[in-house]
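Note sheet for the following structure.
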Amino acid sequence: MICGKVRKRLSLFLDGRLGEKERRKIKAHLVSCSRCAQEEEALSRTWEMLKEGKEIEVSPNFKAQFWERVTREKSKVGSEKRVSVFFPRLWRWSPALVIMTILLLGVGMYFKVLPGRRVSEEEMQIAGRLGLLEDLGVIQNLDWLDDFETIKQR
Amino acid sequence: MLKFKNGDTSSFDLLLDRYQEKIIVFAQRMTGDRSEAQDIAQEVFLRVYHAAGKYQPKAKFSTYIFRIARNLCLNRLRERKHRPFSLDCPITTAEGRKKSRDFIDPSPHSSPRAALERKERQILIREAVDSLPPNQKMAVILTRYNDLSYEEASKIMGCSVGAIGLLLHRARGTLRKVLAPHCKG
């Protein structure tokens, strides 16, 4: 067997992944070729070396921590379910609710914040004739003022 | 798992007993961080717990659980690429103590010199395994540290048995170059 071919198969040979026939051929080659035997020895030793050192320890609290986490998640899911019973399908409507709220707030602000309607020249004249200029801040309605003027004229 | 699926909640304890160590070993070898490995293992079991209702025994349970662990480890390693990481920063042990990133303690019974040499070798081994390309590293961890067969490793990694053989052949070659000069004997 050629050395190159043997070396390509050494990993499988060490893991016992070769068929009986091929395994015997490689074994025979390793007896006759010291360089390939050295290579096989080095591969085997480095593979063994990987397991050196202290074993990785598992935390003694691992199981307790796990069950604690499960309980925590269950209670979290439970509280979410309770909320959804009180507000069914609320989340599905949430974008529409937000838009409605913004619109309502906008309309409210328009009426609340917007300064009072400007008094026209005509209204000033009528209010002057009726002696109601001082009350104009309260009575800013032309229809009312017209009515008052009609009554007064009669 | 099927017992648990059918309502026997105590059988999940058996699953924890049987697999917690294997999953922690795998996650710790993959990430090199003890506390992160514990966290990943917790996440693995939580996923198994929540997915019990949908569990179908198409493959061996060990393959199923290791596949979850593999995906979570790869996600963590990807996330880690995007955040600063120092090899010198301390890690937290399961008991809450801080210690160096080297997760293997020297034996308390050996001399200080021997302990130091041992520790150096362990760091060397860990660095050699860490330096392997991700797939080679995973193949080594699954077969060498978790003692899984080529067939199981191939199912967990989603590749053919032949590919596992090739990955291990290449990994062995790299490890031999780095570690052979430090081999005893």
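The figures that follow rest on heavy atoms only: side chains count, while hydrogens, waters and symmetry mates do not. A quick note: this is a predicted structure, and the numbers were derived from the prediction, not measured. To find a chain, count down the sequence lines: A is the first, B the second, and so on, and within it residues start at 1.
Taking each heavy atom of A:Thr46 and B:Arg176 in turn, the nearest pair found is CG2-CA, 3.7 Å. Summarising the geometry of A:Leu50 relative to B:Tyr145, their closest heavy-atom pair is O-OH, 2.8 Å, with the distance given to 0.1 Å. The minimum heavy-atom distance linking B:Gln38 with A:Phe62 is given by the pair OE1-CD1, 3.4 Å.
Atom-to-atom distance recorded for A:Met49:CE and B:Gln122:CD is 9.5 Å, nearest 0.5 angstrom. Atom OG of A:Ser11 sits about 10.0 Å away from atom CG of B:Leu167, to the nearest 0.5 Å. With rounding to the nearest 0.5 angstrom, the CZ atom of A:Arg69 is 13.5 Å from the OH atom of B:Tyr49. How far NZ of A:Lys8 is from CG of B:Leu166: 10.0 Å, rounded to the nearest 0.5 Å.
Residue with the most contacts toward chain A among B:Leu46, B:Val161, B:Ile24: B:Leu46 (heavy-atom pairs, distance under 4.5 Å). Counting heavy-atom pairs closer than 4.5 Å to chain B, the top-ranked of the candidates A:Glu41, A:Arg17, A:Glu48 is A:Arg17. The most heavy-atom pairs under 4.5 Å with chain A, out of B:Val129, B:Asp17, B:Thr143, come from B:Asp17.
Interface remark: B:Val178 contributes no atoms to any contact with chain A (heavy atom separation under 4.5 Å). Heavy atoms closer than 4.5 Å to chain A are found in both the backbone and the side chain of B:Ala41. The parts of B:Leu179 that come within reach of chain A are both its backbone and its side chain, each placing non-hydrogen atoms under 4.5 angstrom from that chain.
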* Apply side-chain contact (heavy atoms from CB on, under 4.5 Å) to the pair A:Trp67 and B:Phe45, showing each step before the final yes or no. => CA-CA 10 Å; A:Trp67 288 116; B:Phe45 284 106; over 6 Å; no

**Report entry** Trace of the salt bridge (charged side-chain N to carboxylate O under 4.0 Å, His left out) decision for A:Glu52 with B:Arg144
**Finding:** CA-CA 12 Å; A:Glu52 273 183 30; B:Arg144 188 69 188 128; over 6 Å; no

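Taking a cutoff of 4.0 Å between a charged side-chain nitrogen and a carboxylate oxygen, B:Arg172 and A:Glu39 do not qualify as a salt bridge.
Taking the six-membered ring where tryptophan is involved, the planes of B:Phe12 and A:Phe66 are essentially parallel, since the angle between them stays under 30° and well short of 60°.
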